[in-house]
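Numbering of ligands and ligand atoms starts at 1, following listing order.
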Amino acid sequence: AELDTLDIIVLGVILLGTLAYFTKGTLWGITKDPYANAFANANGAKAGRSRNILEKMDETGKNCVIFYGSQTGTAEDYASRLAKEGKSRFGLETMVADLEEYDFDNLDAMPSDKVAMFILATYGEGEPTDNAVEFYEFITGEDVSFSEGSDPALQNLNYVAFGLGNNTYEHYNSMVRNVDKALQKLGAHRIGEAGEGDDGAGTMEEDFLAWKDPMWAALAEKMGLEEREAVYEPTFGIVDRDNLTADSPEVYLGEPNKMHLEGTAKGPFNSHNPYIAPIAESRELFSAKDRNCIHMDVDISGSNLSYQTGDHIAIWPTNSGDEVDRFLDVIDLKEKRSNVISVKALEPTAKVPFPTPTTYDAIVRYHLEICAPVSRQFVATLAAFAPNDEVKAEMTRLGSDKDYFHTKTGPHFYNIARFLDTVGKGAKWTNIPFSAFIEGLTKLQPRYYSISSSSLVQPKKISITAVIESQMIPGRKDPFRGVATNYLFALKQKQNGDPNPSPFGKTYALDGPRNKFDGIHVPVHVRHSNFKLPSDPGKPVIMVGPGTGVAPFRGFIQERAKQAQNGATVGRTLLFFGCRKRSEDFLYEAEWEEYKNALGDSLEIVTAFSRETSKKVYVQHRLKERAKEVGELLSQKAYFYVCGDAAHMAREVNTVLAQIIAESRGVSEAKGEEIVKNMRAANQYQEDVW
Ligand code: FAD
């Protein structure tokens with residue numbers, strides 16, 4: 001069937017080309033590009049589309065909808081994988097649906113021969129992802145009401161649920177837990193277990209894979225599905241656009257949407273539509289030889305963007321040139337990198353994740369997460385396209401044997417191209433349909449940074465404090481380098497006078513598509529957060545922020561210094577900061593002195609340098625030493641903030657604080673823990689951790 005559809009498209013191209021010829025191009029003039037996908041204008045794109053999921057399923061003949069609540073693309077990726085697997089293994093008519101794009105008051109009308117799947121990530125402090133907020137509020141609402149009014153409301157609804165969470169956070173997988181509870185309460189029937197993936201333990205993918213097989217078995221039984229041999233079918237058709245070149249004005253070379261292509265980009269700027277912001281200033285903050293951390297000021301004055309102290313800024317990175325080359329090389333597309341193609345969904349509910357017509361180079365550089373860890377499920381899919389039988393056997397084993405896969409790949413930090421190159425022993429992988437990469441790799445994600453400036457002091461200039469990701473990998477010459485931070489590092493070097501920066505041998509298309517980012521620009525948007533100073537500056541604050549965890553606290557302290565200058569009475573401002581050595585990575589050391597001029601003794605920076613003494617000292621040790629004062633400040637209703645490493649530091653700080661409270665109030669440690677919990681619930685204890 002796949003060839004038929006492709007054939008139709010190809011025939012269509014020929015036919016339209018002929019028509020265009022006979023009509024001397026007038027047809028091209030009046031119609032829009034027939035192969036361009038409807039990505040286009042970020043704001044207009046969703047207008048007019050039906051929000052009725054049942055209608056949509058009926059129209060497209062679907063009996064299985066997979067809803068996703070995704071923040072960083074993983075839940076969305078899992079949803080797509082389930083859709084593909086359901087179709088290829090069980091002949092289910094599946095569709096993937098962004099929770100944001102549908103209404104839910106008719107879920108009760110979904111007939112029992114259909115199934116809804118919910119793939120839900122939990123974000124931050126147990127919150128729904130941005131696209132799941134409305135759904136979450138609806139389904140867990142006190143007085144949720146549905147169209148049919150039957151009782152129990154969702155007695156016909158069959159559903160499947162999987163959550164993506166992180167056990168280092170307080171509210172582990174609370175989204176899937178709460179939604180599952182709400183659906184049960186409404187009388188819906190869950191098929192299989194509600195699965196939970198744990199990013200904190202690094203087992204997300206394996207948790208997902210371990211959950212899905214019994215789920216499929218249960219679903220097959222419930223719906224009477226027959227398993228069949230799964231054959232890969234592409235979701236997207238790739239059409240060569242020989243009449244276009246990379247210079248043609250309608251070709252997307254990395255522009256995120258139509259307004260950007262046409263040079264009419266305007267707000268609202270958001271996760272679909274970045275602002276190409278000038279970088280006002282950038283500099284190195286560390287004096288260590290082998291580690292880097294940059295401070296960057298992003299100018300938003302030319303946009304209608306605004307921010308509040310404590311918010312996050314999203315940076316839209318591009319992949320480095322060497323990784324783009326490596327990727328195109330291993331699938332033997334280097335020669336065709338600038339060829340223009342259109343990507344068409346071969347299935348009416350699938351969405352092409354970037355605008356087209358475009359080039360292979362632009363897709364790989366701007367739109368696919370090509371450097372991320374390799375997914376075992378994807379390896380299993382790619383086995384069918386191995387360059388020879390020996391490699392195919394190895395791929396099949398890697399895809400199906402969890403332990404073998406992890407011993408073989410674990411220590412190497414492979415990305416997909418390095419992986420294919422190694423497993424294929426240098427052979428080119430020319431058989432993989434390009435569609436498989438669009439389906440199997442996550443969309444290139446913006447990275448978030450805690451804004452390190454105060455909006456009261458610099459409302460139109462956003463500061464970022466980012467440590468450059470770099471790790472030595474045993475047995476490999478070049479270290480692993482993070483995507484966004486090394487891109488920012490190259491921008492910093494360019495701004496500081498290097499016309500062609502290549503930090504650590506990496507180059508980037510810093511000028512952007514059609515030189516639109518020239519003059520040091522970076523695409524950004526702002527995300528609101530709940531990490532906020534008390535509205536009364538007189539309240540004391542205690543902040544714990546080692547390393548780049550200090551970022552938002554620079555903003556907080558800047559703000560309080562300004563408030564003091566403006567004549568406000570500012571309460572005690574206590575910062576616990578930790579790093580390796582005063583002489584290497586003491587962030588903003590000189591600046592703290594300036595703020596002291598405004599805040600006087602009410603500001604104190606308590607430092608912990610872990611590598612200056614034989615016994616390592618961390619912020620939590622210093623916190624404990626200051627137990628008496630911390631206890632007193634808390635009894636004066638101080639706000640307590642933690643920012644930075646979620647895995648270890650934030651947990652330990654939580655524990656130490658509970659101990660401090662227990663001791664200072666003469667209660668048990670369990671009671672201390674409970675008090676911290678209540679402080680969290682009352683926003684008196686706030687975390688900004690990653
Ligand atoms: P990436 O390329 O995304 O890599 C990140 C990590 O993923 C690597 O270190 C590695 O552990 C793993 N990884 C990636 N690819 C592979 C592979 N192929 N194999 C194995 N492992 C791999 N950071 C700051 O410096 N300052 C801040 O103020 C800050 N604030 C944040 C606020 C929030 C709300 C969040 C969510 C994050 C924040 N971060 C901050 C972290 C930041 O968003 C980025 O995650 C970080 O800068 C790394 O980005 P990167 O693209 O350079 O690295």
Please tell me if the side chains of P546 and D645 come closer than 4.5 Å, counting only heavy atoms from C-beta onward. no
Heavy atom of the protein closest to atom 43 (O) of ligand 1 (residue, atom name, distance): Y448 O, 2.6 Å
With a 4.0 Å cut-off, would you call E369 and R447 a salt bridge? yes
Side chain to side chain, L488 and K492, heavy atoms closer than 4.5 Å: no
Atom 30 (N) of ligand 1 - nearest protein heavy atom and its distance: S450 N, 3.1 Å
F489 ring center near F504 ring center (under 6.0 Å): yes
Could you check whether any heavy atom of F480 sits closer than 4.0 Å to an atom of ligand 1, since that is the contact criterion I want to use? yes
Per-atom filter on ligand 1: closer than 4.0 angstrom to a heavy atom of A551 are 28 (O)
Are any of the side-chain nitrogens in E394 or R397 under 4.0 Å away from the carboxylate oxygens of its partner? no
Side chain, backbone, both or neither: T465 near ligand 1, heavy atoms under 4.0 Å: backbone
Record the part of C371 in heavy-atom contact with ligand 1 below 4.0 Å; permitted values are side chain, backbone, both and neither. backbone
For atom NE2 of H648, decide whether the heavy atoms of other residues, nucleotides or ligands shown that lie under 6.0 angstrom number more than 12. no
K428 and its salt bridge (Lys or Arg N to Asp or Glu O under 4.0 Å) partner, picked from D421, D329, D332: D329
Kindly indicate whether atom 12 (C) of ligand 1 is approached by any protein heavy atom to under 4.0 angstrom. no
Taking the minimum heavy-atom distance to atom 44 (C) of ligand 1, which of Y414, Y449, Y123, W690 ranks first? Y449
One thing to verify: whether D77 and K443 come together as a salt bridge, which I'm taking to mean a side-chain N less than 4.0 angstrom from a carboxylate O. no
Within the 3.5 Å criterion, strictly below it, is a donor on E205 or S375 matched to an acceptor on the partner's side chain? yes
Sidechain N-carboxylate O distance under 4.0 Å for D322, R481: no
Using heavy atoms and a threshold below 4.0 Å, how should the contact between A372 and ligand 1 be classified: side chain, backbone, both, or neither? backbone
As a test of the contact definition, would atom 51 (O) of ligand 1 count as having a protein heavy-atom neighbour under 4.0 Å? yes
Flag D688 as yes when one of its N or O atoms lies below 3.5 Å from any N or O atom of ligand 1, and as no otherwise. no
If I apply the N/O under 3.5 Å rule, does N486 come out as touching ligand 1? no
For the rings on Y641 and F556, is their centre-to-centre separation under 6.0 Å? yes
Does the ring of F576 carry R622 above it, NZ/CZ under 6.0 angstrom from centre and within 45° of its axis? no
Starting from atom 2 (O) of ligand 1, find the nearest protein heavy-atom neighbour and note its residue, name and distance. V483 N, 2.9 Å
Taking atom 3 (O) of ligand 1 as the reference point, the nearest protein heavy atom with its distance: R447 NH2, 2.9 Å
Looking at atom 20 (C) of ligand 1, tell me if a protein heavy atom falls under 4.0 Å from it. yes
What is the closest protein heavy atom to atom 25 (O) of ligand 1, and at what distance does it sit? V467 N, 3.1 Å
Numbering the atoms of ligand 1 from 1, which are under 4.0 Å from a heavy atom of Q471? 9 (O), 11 (O)
If hydrogens are left out, which of G124, S452, P373 has an atom nearest to atom 17 (C) of ligand 1, that is, the closest non-hydrogen atom? P373
Close aromatic pair by centroid cut-off 6.0 Å: H312 and F531: no
Nearest protein heavy atom to atom 53 (O) of ligand 1, by residue and atom, and its distance? G482 CA, 3.4 Å
Nearest candidate to atom 34 (C) of ligand 1, where distance is taken over non-hydrogen atoms, out of H312, E469, E369: H312
Do any nitrogen or oxygen atoms of A484 lie less than 3.5 angstrom from nitrogen or oxygen atoms of ligand 1? yes
